[in-house]
Undergrad: 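First the structure, which I've put down as structure tokens, then a few questions once you've had a look.
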Amino acid sequence: QVQLVESGGGLVQPGGSLRLSCAASGRTFSRYLMGWFRQAPGEEREFVACINRSGGGTVYADSVKGRFTTSRDNAKNTVYLQMDSLEPRDTAVYYCAADYEGSDCTDVYDYWGQGTQVAVST
């Protein structure tokens with residue numbers, strides 16, 4: 001089992017940047033495909049990005065492509081989401097998720113973090 005804890009959320013002005021972190025417990029972090037999702041008020045949760053187990057492959061939603069970058073440090077059991085050129089529509093609770101030995105970003109994820117709030121506003 002793995003526990004995920006997100007951090008780094010907050011309030012930022014349009015055009016600003018934030019970096020989210022997701023720290024995982026356990027010794028098998030490198031066996032997990034990691035995903036980022038978000039849920040805005042009144043909306044369904046949506047996929048944002050994912051990164052494969054080695055960190056060599058990433059996939060992004062069209063809405064964030066070119067603005068968000070995900071990376072991971074398996075030695076630190078941490079995955080990151082760098083968010084640049086933030087827009088009000090990026091306001092949401094952001095969640096990281098882990099898929100044990102996953103190979104497809106559309107897989108069902110096994111574990112979820114508690115989420116961190118990101119608000120983009122003047």
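Note that the structure is predicted; figures quoted are calculated from it, not measured.
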Undergrad: Please determine whether residues Phe68 and Val59 belong to a single hydrophobic cluster, defined as Ile, Leu, Val, Met, Phe, Trp and Tyr linked transitively by side-chain heavy-atom distances below 4.5 Å.
TA: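 Each belongs to a different hydrophobic cluster.
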Undergrad: Checking Asp73 side chain against Val79 main chain: does a donor-acceptor pair fall under 3.5 Å?
TA: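 Checked: no pair found.
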Undergrad: Side-chain polar contacts of residues 114-122 - donor-acceptor pairs under 3.5 angstrom, sequence neighbours left out - could you list them?
TA:
{"from": "Gln114", "atom 1": "NE2", "to": "Glu6", "atom 2": "O", "distance (Å)": "3.4"}
{"from": "Gln114", "atom 1": "NE2", "to": "Glu6", "atom 2": "OE1", "distance (Å)": "3.4"}
{"from": "Thr116", "atom 1": "OG1", "to": "Gly9", "atom 2": "N", "distance (Å)": "3.2"}
{"from": "Gln117", "atom 1": "NE2", "to": "Ala92", "atom 2": "O", "distance (Å)": "3.3"}

Undergrad: Please say yes or no: joined through hydrophobic side-chain contacts below 4.5 Å, possibly via intermediate residues, are Trp112 and Ile51 part of one cluster?
TA: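 Looking at the clustering, Ile51 is in a separate group from Trp112.
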Undergrad: I need the Met34 CE to Asn77 CG distance, nearest 0.5 Å.
TA: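 Between atom CE of Met34 and atom CG of Asn77 there are 9.5 Å.
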Undergrad: When rounded to the nearest 0.5 angstrom, what is the spacing between CG in Asp104 and SG in Cys50?
TA: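 Result: 8.0 Å between the selected atoms.
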Undergrad: Verify side-chain contact (heavy atoms from CB on, under 4.5 Å) between Val64 and Arg38, making sure each step is shown before the conclusion.
TA: CA-CA 11 Å; Val64 307; Arg38 66 187 182 186; 3.9 Å; yes
Undergrad: Tell me whether the count of non-hydrogen atoms from other residues, nucleotides or ligands lying under 6.0 Å of NZ in Lys65 goes above 12.
TA: yes
Undergrad: Is there a path from Tyr95 to Met83 through hydrophobic residues (I, L, V, M, F, W, Y) whose side chains come within less than 4.5 Å of each other?
TA: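 No, because Tyr95 and Met83 fall into different hydrophobic clusters, even though each may have its own neighbours under 4.5 Å.
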Undergrad: Could you walk me through whether Ser17 and Asp84 pass the side-chain hydrogen bond (donor to acceptor under 3.5 Å, both in side chains) check?
TA: CA-CA 4 Å; Ser17 298; Asp84 299 317; 2.7 Å; yes
Undergrad: Leu86 and Leu81: same hydrophobic cluster, using ILVMFWY side-chain contacts below 4.5 Å?
TA: yes
Undergrad: Any side-chain to backbone donor/acceptor pair from Ser25 onto Gln3? Under 3.5 Å, distance only.
TA: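 Looks like yes, one N/O pair under 3.5 Å.
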Undergrad: List the steps and the verdict of side-chain contact (heavy atoms from CB on, under 4.5 Å) for Arg89 and Ser63.
TA: CA-CA 10 Å; Arg89 66 185 172 120; Ser63 59; 3.8 Å; yes
Undergrad: Is the centre of the Trp36 ring less than 6.0 Å from the centre of the Phe47 ring?
TA: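 Ring-ring flag for Trp36/Phe47: false, centres at least 6.0 Å apart.
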Undergrad: Pair Tyr60, Thr69 - check side-chain contact (heavy atoms from CB on, under 4.5 Å), show working.
TA: CA-CA 8 Å; Tyr60 297 93; Thr69 304; 3.7 Å; yes
Undergrad: What is the minimum heavy-atom distance between Gly35 and Tyr109, and which atoms define it?
TA: N-CE2, 3.6 Å
Undergrad: Measure across Val2 and Ala98 and return the closest heavy-atom pair with its distance rounded to 0.1 Å.
TA: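 Looking at all heavy atoms of both residues, the closest pair is CG1-CB, 4.3 Å.
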Undergrad: Between atom CZ of Arg72 and atom OG of Ser54, what is the distance when rounded to the nearest 0.5 Å?
TA: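 The distance works out to 8.0 Å.
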Undergrad: Between Asn52 (side chain only) and Gly57 (backbone N and O only), is there a donor and an acceptor less than 3.5 Å apart?
TA: yes
Undergrad: Think Arg19 forms a cation-pi with Tyr80, using NZ or CZ under 6.0 Å from the six-ring centre and within 45 degrees of its axis?
TA: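 Judged by the rule (NZ or CZ under 6.0 Å from the ring centre, within 45° of its axis), Arg19 counts as positioned above Tyr80.
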Undergrad: Of the non-hydrogen atoms in Leu4 and Cys22, which two are nearest, and what is the gap between them?
TA: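 Between these two residues, the closest heavy atoms are CB-SG, 3.9 Å.
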Undergrad: Looking only at side-chain N and O atoms, does Arg53 offer a donor or acceptor that is under 3.5 Å from a partner on Tyr32?
TA: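 Short answer, no.
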Undergrad: Dump the intermediate steps for side-chain contact (heavy atoms from CB on, under 4.5 Å) on Arg67 and Glu87, then the final yes or no.
TA: CA-CA 10 Å; Arg67 300 187 299 121; Glu87 304 170 0; 3.9 Å; yes
Undergrad: Check ring pair (Phe, Tyr, Trp, His ring centres under 6.0 Å) between Tyr94 and all other residues, then give those that pass, not counting sequence neighbours.
TA: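 Residues passing ring pair (Phe, Tyr, Trp, His ring centres under 6.0 Å) with Tyr94: none at all.
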Undergrad: Hey, does Glu46 have a side-chain heavy atom less than 4.5 Å from the side chain of Phe37?
TA: no
Undergrad: Please give me the minimum heavy-atom distance between Ser30 and Asn74, naming the atom from each residue.
TA: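 What the structure gives for the nearest pair is CB-ND2, 3.6 Å.
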